[in-house]
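First comes the structure, then the notes that go with it.
Computed from a prediction, not measured in an experiment: that's the story for all the values here. All chains are named by letter (A, B, ...) in the order of the sequence lines, taking the proteins before the strands, and each is independently numbered beginning at 1. The basis for the numbers below is simple: all heavy atoms, side chains too, and nothing from hydrogens, waters or symmetry mates.
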Amino acid sequence: MTCEEFRALLEREGTAAAQAGAEHLRHCPACEGELARWQEVEAQLAAMGEEPVPAFLHARIMAHLRASAASAQRVPLKVLRPVWAAPLLLAVVLLALGGVGVWHLVQRPTAVPAGEAQSAVTAEAPPPALLGKGAPVPVMAQKVVAPKQADRPLEVKRSESPVPRADSRAQGEQAKAVARGLAVNQAPEEQAEVAALAAPAAGEELLRSGGKPTGGTDTRSWGSAKQQVASEEAPRAAQLSRPPAGPGPVQVRCQLLDGEDFPRATVWLPEDRVPGIATVWEVVVGEGGEVEVVDTTGTPRPEVASAIAQRLPALPPPGRYRLTQAPLPDY
Amino acid sequence: MEAGEAAAAEALEVERAKAGDEAALEALVRRHEGDTYRLCRRMLGDPEEAMEATQDTFLRVVRALPAFRGEASFRTWVLGIAINVCRTRLTSRAWRDRQRWVSLSPAEAERSEEVVPEPSDPRPDPERRAWAAELRRALGTALGKLTREHREVLLLHEMTQLDYEELARVLGVRVGTVKSRMARARAALRVALREVWP
């Protein structure tokens with residue numbers, strides 16, 4: 001063993017290397033001195049483990065532990081005591097509900113586009129013309145005579161908005177709607193109906209159960225059912241038209257209802273080509289994809305038919321439908 | 001008392017402390033507070049900081065006690081918590097702002113010299129004793145120049161006498177890593193002691 005090897009062994013093993021290098025140490029006083037120094041260092045380091053500690057160390061540690069234990073016990077006594085927890089929770093919930101109600105009351109007369117987005121019934125944005133000042137007259141008119149929630153037909157939901165909103169609050173609410181993917185302000189029963197629309201297999205069971213998740217062999221949760229509906233909704237969403245961008249006549253959102261009053265498509269039409277409030281026009285979709293529209297006086301409206309055919313990416317199945325203005329969301 | 005009996009007695013005390021026996025907890029604290037304080041003292045280099053770190057360590061010990069399964073010895077477990085407390089303090093912003101070094105100031109080295117008892121020496125050679133005193137002072141300074149990793153492994157092995165397997169548990173690394181880290185720490189210490197070890 002060379003001196004270099006012995007010193008490497010010393011670094012690797014400490015003074016325990018003395019045994020392995022005993023033969024070398026007998027003939028090398030330098031390495032013997034090196035070993036003695038390391039032994040001294042180790043002895044000094046070990047002596048640090050015997051240093052006296054402050055006399056009050058134990059008392060301070062125990063006082064710290066007791067103080068911490070006492071403060072930890074005060075928290076549940078003051079805040080989390082069950083007697084106070086329930087009223088506290090109730091008060092918070094009531095305050096939150098009150099705040100939402102007041103906000104809706106304040107917003108109701110002026111912010112229809114925002115309300116549309118806030119209701120999250122549909123994330124489809126109105127045309128830019130509706131966002132200008134004074135433009136939403138037809139929409140306000142709709143709102144006055146909007147049918148009651150139980151009577152009005154449902155709308156198919158979208159999960160993205162084609163046009164940016166001018167109203168920042170609406171944007172925020174719209175973003176929430178997008179994040180949720182489905183209607184959030186609807187009762188479970190309504191959600192179930194929408195689910196039935198979008199995905200009959202998933203939705204019919206929810207309809208039967210009144211919008212609540214069912215037990216039995218179907219192990220999907222309500223949330224997972226909604227997710228499935230959202231994924232199955234994709235082809236359905238293709239039947240929603242987008243409002244034309246840019247300047248032009250005011251656009252009104254209309255629906256094609258089937259024989260059971262279910263909306264089979266939503267389409268934005270110019271305000272001069274839509275049925276009046278609470279008015280229904282007949283629409284026939286032929287086998288070849290031709291569209292015919294007849295108004296309440298029996299007059300054919302080919303311009304409306306062509307608008308529908310142009311703006312719907314995919315027509316609903318052949319059959320008879322009714323064209324109406326889409327109801328406003330329930331505030 | 002044999003080592004095995006002592007370990008069994010301590011395991012009983014741990015169980016009693018888990019059940020809420022304050023006397024058992026106090027006995028455990030009393031048995032391990034010295035090692036913990038000294039380790040913190042050498043890791044942090046400041047007596048007051050070491051005191052706070054020791055308090056924090058035992059607070060964490062009490063909170064984590066229900067989760068202690070006895071896979072390592074109680075002492076090893078406590079020292080592991082102490083190392084973590086020291087690491088947190090060393091890396092905290094407040095700590096860096098204070099810009100303290102470990103035992104770098106002369107006054108600190110002097111205090112260190114005062115409290116360290118001389119190791120028993122069968123040959124009370126005056127020259128050797130002088131060199132030992134110089135070595136103690138230099139060691140205090142040299143430890144402060146080591147990296148945290150090297151200081152941890154040296155102190156735990158040489159000062160608290162943990163073996164490599166216990167060190168691996170405390171530091172959360174493999175035994176091989178402990179050995180290589182120890183070798184690098186010794187080499188670094190050798191360099192840091194150049195002043196007294198030409």
Side-chain angles (χ1 to χ4, degrees), chain A residues 1-21 28-76, chain B residues 22 25-26 29-30 33-39 41-42 47-48 50-52 54-59 61-63 112 114-121 128 131-133 135-140 142-143 154-155 157-161 179-180 182-190 193 196-197:
Chain A
M1 182 180 283
T2 64
C3 291
E4 211 165 284
E5 287 170 343
F6 178 74
R7 291 181 187 199
L9 188 66
L10 261 183
E11 282 184 0
R12 214 167 46 244
E13 304 288 336
T15 52
Q19 272 190 327
C28 184
C31 286
E32 196 180 19
E34 185 79 2
L35 175 65
R37 288 193 186 96
W38 270 117
Q39 286 170 334
E40 193 68 36
V41 167
E42 287 185 2
Q44 291 293 340
L45 284 171
M48 287 179 182
E50 303 297 325
E51 286 176 2
V53 297
F56 49 87
L57 175 66
H58 182 74
R60 270 186 67 169
I61 293 170
M62 293 310 294
H64 186 62
L65 291 180
R66 288 181 185 119
S68 298
S71 65
Q73 282 173 357
R74 277 199 295 274
V75 173
Chain B
E22 191 177 322
L25 177 66
E26 189 163 359
V29 171
R30 194 180 292 279
E33 65 190 10
D35 283 349
T36 306
Y37 171 80
R38 291 182 201 102
L39 179 64
R41 164 81 175 75
R42 288 296 167 185
E48 186 54 35
M51 181 72 79
E52 291 172 10
T54 308
Q55 291 174 3
D56 283 355
T57 298
F58 281 101
L59 188 57
V61 163
V62 168
R63 286 177 179 163
S112 169
E114 287 166 13
V115 295
V116 178
E118 293 207 8
S120 56
D121 191 340
R128 187 180 174 82
W131 188 82
L135 180 61
R136 273 199 305 280
R137 186 195 62 76
L139 257 180
L143 282 173
L154 265 177
L155 289 174
H157 185 59
E158 304 292 358
M159 191 176 88
T160 65
Q161 310 291 317
K179 287 181 178 174
S180 61
M182 270 299 297
R184 288 197 299 272
R186 285 193 186 100
L189 183 64
R190 175 78 174 77
L193 286 173
V196 294
W197 197 343

Other residues, nucleotides, ligands: >12 heavy atoms within 6.0 Å of B:Glu48 CD:
yes
Interchain contact, B:Arg186 with chain A, by part (heavy-atom threshold 4.5 Å):
both
Could you look at B:Leu135 and say if it's the side chain, the backbone, both or neither that has a heavy atom under 4.5 Å from chain A?
side chain
Would you mind reporting whether B:Thr54 and A:Arg60 have side-chain heavy atoms less than 4.5 Å apart?
no
What's the verdict on side chain to side chain contact (heavy atoms under 4.5 Å, CB included) for B:Thr36 and A:Ile61, showing C-alpha distance, side-chain angles and the deciding distance?
CA-CA 11 Å; B:Thr36 306; A:Ile61 293 170; over 6 Å; no
Given that the side chain runs from C-beta out, which part of B:Leu189 has a heavy atom under 4.5 Å from chain A: side chain, backbone, both or neither?
side chain
Do B:Leu193 and A:Arg37 come close enough that some side-chain heavy atom pair is under 4.5 Å?
no
From CE (B:Met159) to CD (A:Glu51), nearest 0.5 Å:
7.0 Å
Would you mind reporting whether A:Met62 and B:Val29 have side-chain heavy atoms less than 4.5 Å apart?
yes
Any side-chain to backbone donor/acceptor pair from B:Arg136 onto A:Gln44? Under 3.5 Å, distance only.
no
Side chain / backbone / both / neither for A:Arg66 at chain B, heavy atoms under 4.5 Å:
side chain
A:Glu34 and B:Arg190: CA distance, side-chain angles, deciding distance, side chain to side chain contact (heavy atoms under 4.5 Å, CB included) verdict
CA-CA 11 Å; A:Glu34 185 79 2; B:Arg190 175 78 174 77; 2.9 Å; yes
Evaluate the criterion side chain to side chain contact (heavy atoms under 4.5 Å, CB included) for residue pair B:Arg42 and A:Met48; output intermediate values, then yes/no.
CA-CA 8 Å; B:Arg42 288 296 167 185; A:Met48 287 179 182; 3.5 Å; yes
For a 4.5 angstrom cut-off between non-hydrogen side-chain atoms, does B:Lys179 reach A:Arg12?
no
For chain A, the option from B:Arg184, B:Met182, B:Glu22 that forms the most heavy-atom pairs under 4.5 Å:
B:Glu22
Assess, by modelled atom type and distance only, whether the side chains of B:Glu26 and A:His58 contain a donor and an acceptor separated by less than 3.5 Å.
yes
Return the option, out of A:Ala8, A:Gly49, A:Ala63, A:Ala46, with the maximum number of heavy-atom pairs under 4.5 Å with chain B.
A:Gly49
Heavy-atom distance under 4.5 Å to chain A: side chain of B:Gln161, backbone, both or neither?
side chain
